[in-house]
Amino acid sequence: MTPFLQLTLTFSNEISFQSRNREISIWDSRNLSSSLNTISVDASSGTLMPLYDADTDMIFFAGKGDNTIKYCEITDKTPYLQENSVASTEQIKGAGLVPKLALDVMAGEVNRILILTKSNVLPTPYIVPRKSYKEFHDDLFPETPCGEPALSCDDWFSGQNAQVQCTSLDPAKRKKRQAGTRTIGSKGDNQTNCISSTKEITKPKETSKSVIQETQDIPQTSKPEISGKDTSNAIPEQAMPNKGTTDKPTKESTGTPTKRSTDTPKEQSPSLTSANKPVTKVFTAVRQSKFKYLKGHTLHKSLHIDNIRKLYHGVPGESDMFYANQTRCVVPVEGAGGLLSVLEFNKPGRLADIGTPVLQHKSKATDYVWDPFNDNRLAVYPPDTGTPVLQHKSKATDYVWDPFNDNRLAVSCDDAKVWIWNIPEGGLTETVTEPSMYLRGHTEKLYFVRFHPLASDILVSSAYDFTVRIWDLNDGSEKLKLTTHPDQVFCVAWSPDGRYLATVCKDGRVRIFDPRQSPDAIKEGEGPDGSRGARVVWALNGKYLVITGFNKLCSRQLYIYDVDNLESPLYIHQLDFNPAVLVPYYDDDSHTLFVTGRGDGVVHSFEISTDHPHIFPLSPVHFEGLHQAISFLPKTCCDVKKVEFAKGWRLLNTTVEPVSFTLPRVKTEYFQDDVFPNTKVIDKPVMTSAEWFSGDNTPPRTVSLRPKDMKLLSEAPVEAPKEKKYESFNPDTYKTDEQKKEELLDAVTKKLEIKQSPLPQDLAEGVDDDEWGDD
């Protein structure tokens, strides 16, 4: 920290909810009339405890009773304080920094905090990620005080001053300090003010290792080790039931996580050996993300579909409620028999006010007959919705479009059947009551249906009979059935390679299945605590799972798991308090996660990364009005010339409107190849259902989004750096008053033109002497 800067951690004068806002202020000691910058931390009654590291200019702070440790970077220029990540831990009773000499510098450990909890002392190391730790990184570790006093107490009282000697943290250069007793004071044996101390200092690496091995995990922040082998597949080979390994979890054993003993062999599965790893905080400054400042907006009103009447809001929470493909969308409408309205995107505008004529009753019709005196057929239509609909004989609980066929729609109903519809080209012209196929097999009300992402004609469904069934739509037969779940299944998600199924159950467990190999889960762990609902998606090429759910206090949270170890989440991000289930959408190309719920007016976005804490908030997008749902379109629908990396449709009470998510870029005339890698072709299957059921695993195809008339941004010419303005705090560019005066005089002199012509007064005719009068 610059010598004239001072830091204070105080309370503000504003009081909210019987707590005062805690603030951090930085001051210039030469002018204490006002602070240089003030950051409001939160509202709490606990006094903040600062832990300052002079080598890195980082200050860690936490209050007694808090569950988080925050830190800021202190700079000598505006804004002086830069907030960084927050680390969650147990309730804090006290905290302290470990001396630099005790750090494991060859592992990139720049700081370690000892946290005092109710019953433990937890070491929390902060690691700077580097590609290699074989060599000492002197840019991370400047010389630090060696721990030896520069003066004795008598010397200081006599008015002397001295600087503490510094030493290098490089193990190759550091002097070995011998353990023993040292006495510091004035000469002579009769001194009473001498300081006597005994200190034993061991090698930093051994100290760090011994401390870490004796600590317990913090479930919210524990990070499993990453195996050195290839992790391109989501599930390691040890988890495959057909490999004959003893590491395969069983139905009985997966419910109880196994702790690693001290004599665990090195070849044990990574999913079982990472349970007791130390808490590792990745020490980073402000994270740089290409998508941090994403923007979202609604497209022109001429593309909207308006006047949707009698939107049905009672769709179960397991359903996303609104689904769209590149051609059309489906929305639920009120009426008996589970009514679904199919709207065509090529017919925007206001829907007709005059609906289909109906015979409307004040209660549900239980029977109907032909008129014996009229040969005309009696047509049974739903209540006035304004558009033709798909009518079912029972309530529709979920529906989803076939990703490879924009005309096929699968609908699950509470009559334990899945209805398969084929929408005619151009859309519905009349109300349809008979589907093209029924799927029968479930014995209770269905929850949801999902199509396979890579193979055609494969559908998965789940119902109140607690089973998950996989169907072949070629003949409507049930091929596979999973019976492991003891309670309601909230959600299922196919892995990106189409091999595995991830499920979240009401019993608070998250499971991964290989359905073609075994009906039992091959991985299992603790899921969200709440029983209000949850969603799951795969991230980072199938290496991680992201789950949206609730805790016991009904707070909406994001959980991220390593698929190799589902015993506990790597990180939990608390969002807000809201009863609506967060519906996630994950973009594989940008690693961006969008989440929103019914009745929300904002779409939250996060970047998913392998770096801790794995979930990094991006700019939230606020829309006008509250929506019921958002359905995203394939990446091939995006306008890359406008740097549009995500696009979808937003359902409101009476309107369906398109939304776009873009990035601010300067050189939009170039194709942003750093934002748009080759994307997966998700509208064409790579396998048939027969090939997938026989065991094939064909990878998805990819395609470039680059238009033919655009050049790559990476090939754009590099512009020369712009000249920087003078900064008063930079001693190299600071100018004295004399220098400024000389520059001003030089500038004025240059503006004066030197003219050779005589002055006007020299050309004026004078008066002769004899013409002057005496008076």
Side-chain angles (χ1 to χ4, degrees), residues 226-243 270-271 325-326 400-406 450-460 470-474 479-480 492-503 512-518 522-523 536-546 561-564 584-593 608-610 632-638 640 645-646 673-706:
I226 300 176
S227 174
K229 64 180 181 180
D230 184 16
T231 58
S232 58
N233 294 328
I235 309 297
E237 294 298 328
Q238 290 90 332
M240 299 296 292
N242 60 344
K243 297 297 181 181
S271 62
N325 57 27
Q326 302 181 51
V400 63
W401 292 106
D402 188 338
F404 313 121
N405 185 353
D406 288 347
R450 296 289 186 272
F451 276 97
H452 195 281
L454 300 179
S456 61
D457 301 318
I458 295 180
L459 187 74
V460 61
I470 301 177
W471 309 82
D472 187 348
L473 299 186
N474 286 319
K479 295 292 187 179
L480 301 171
V492 299
W494 290 99
S495 62
D497 57 5
R499 297 176 59 184
Y500 305 102
L501 269 178
T503 67
I512 295 178
F513 294 85
D514 188 349
R516 292 176 295 182
Q517 300 295 333
S518 172
I522 60 175
K523 292 288 181 181
V536 58
V537 292
W538 297 74
L540 300 179
N541 297 322
K543 297 178 183 178
Y544 293 85
L545 288 180
V546 179
Y561 292 81
D562 188 335
V563 298
D564 291 335
Y585 169 77
Y586 177 73
D587 180 20
D588 288 312
D589 298 339
S590 62
H591 307 314
T592 303
L593 177 72
I608 307 301
S609 172
T610 56
F632 285 85
L633 299 177
K635 202 61 173 286
T636 52
C637 298
C638 296
V640 296
F645 75 102
D673 50 343
D674 61 329
V675 174
F676 299 104
N678 289 349
T679 189
K680 296 178 181 178
V681 180
I682 64 174
D683 56 353
K684 295 181 181 179
V686 297
M687 293 176 287
T688 63
S689 58
E691 292 172 343
W692 187 83
F693 282 116
S694 64
D696 288 354
N697 294 303
T698 305
R701 293 188 292 266
T702 59
V703 64
S704 174
L705 297 176
R706 175 188 177 186

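Residues passing the ring-ring contact (aromatic ring centres under 6.0 Å, His included) test with Phe513, sequence neighbours excluded: His485. Residues meeting the ring-ring contact (aromatic ring centres under 6.0 Å, His included) test with Phe676, sequence neighbours left out: Phe671. Asp587 pairs by the side-chain hydrogen bond (donor to acceptor under 3.5 Å, both in side chains) definition with Ser590, Lys635, not counting sequence neighbours. Residues passing the ring-ring contact (aromatic ring centres under 6.0 Å, His included) test with Trp401, sequence neighbours excluded: none. Residues passing the side-chain hydrogen bond (donor to acceptor under 3.5 Å, both in side chains) test with Asp696, sequence neighbours excluded: none.
Between Tyr544 and Thr610, the closest side-chain pair of non-hydrogen atoms falls below 4.5 Å. Counting heavy atoms from C-beta outward, Trp494 and Leu501 have side chains that approach closer than 4.5 Å. Taking the side chain as every heavy atom from C-beta outward, Ile458 and Phe693 approach each other to under 4.5 Å.
Side-chain atoms of Tyr586 come within 3.5 Å of backbone N or O of Leu540 as a donor-acceptor pair. At least one donor-acceptor pair closer than 3.5 Å links the side chain of Trp538 to the backbone N or O of Ala493.
Between Gln326 and Pro634, the shortest heavy-atom contact is NE2-CG, 3.9 Å. Between Val686 and Thr698, the closest heavy-atom pair is CG2-O, 3.7 Å. Closest non-hydrogen pair, Ser495 versus Pro453, comes out as O-CG, 4.0 Å. What you find for Ala539 and Val546 is that their closest heavy atoms are CB-CG2, 4.1 Å. Nearest approach of Ala455 to Pro685, heavy atoms of both residues: C-CB, 4.4 Å. Heavy-atom minimum distance, Val536 versus Ala502: CG1-O, 3.9 Å.
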How far apart are the C-alpha atoms of Thr592 and Phe645, what are their side-chain angles, what is the distance that settles it, and do they pass the side chain to side chain contact (heavy atoms under 4.5 Å, CB included) test? CA-CA 10 Å; Thr592 303; Phe645 75 102; 4.1 Å; yes
Taking it one step at a time, do Asp472 and Asp457 satisfy side chain to side chain contact (heavy atoms under 4.5 Å, CB included)? CA-CA 6 Å; Asp472 187 348; Asp457 301 318; 4.1 Å; yes
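Note that Arg516 lies in the cation-pi zone of Trp692, set by a 6.0 Å cut-off to the ring centre and a 45° limit from the axis.
Of the inter-residue distances, the one linking His591 atom NE2 with Asn541 atom CG reads 6.5 Å to the nearest 0.5 angstrom. A distance of 5.0 Å separates CG in Leu454 from CE in Met687, rounded to the nearest 0.5 Å. Rounding to the nearest 0.5 angstrom, the gap separating the CG atom in Leu473 from the NE2 atom in His452 is 12.5 Å. Expressed to the nearest 0.5 Å, how far CZ of Phe451 lies from CG of Asp402 amounts to 4.0 Å. Rounding to the nearest 0.5 Å places OG of Ser689 at 11.5 Å from CG of Leu459.
Among pairs with a residue in residues 673-684, those fulfilling side-chain hydrogen bond (donor to acceptor under 3.5 Å, both in side chains) read Asp589-Thr679, Arg665-Asp674, Asp673-Ser714, at least two apart in sequence or across chains.
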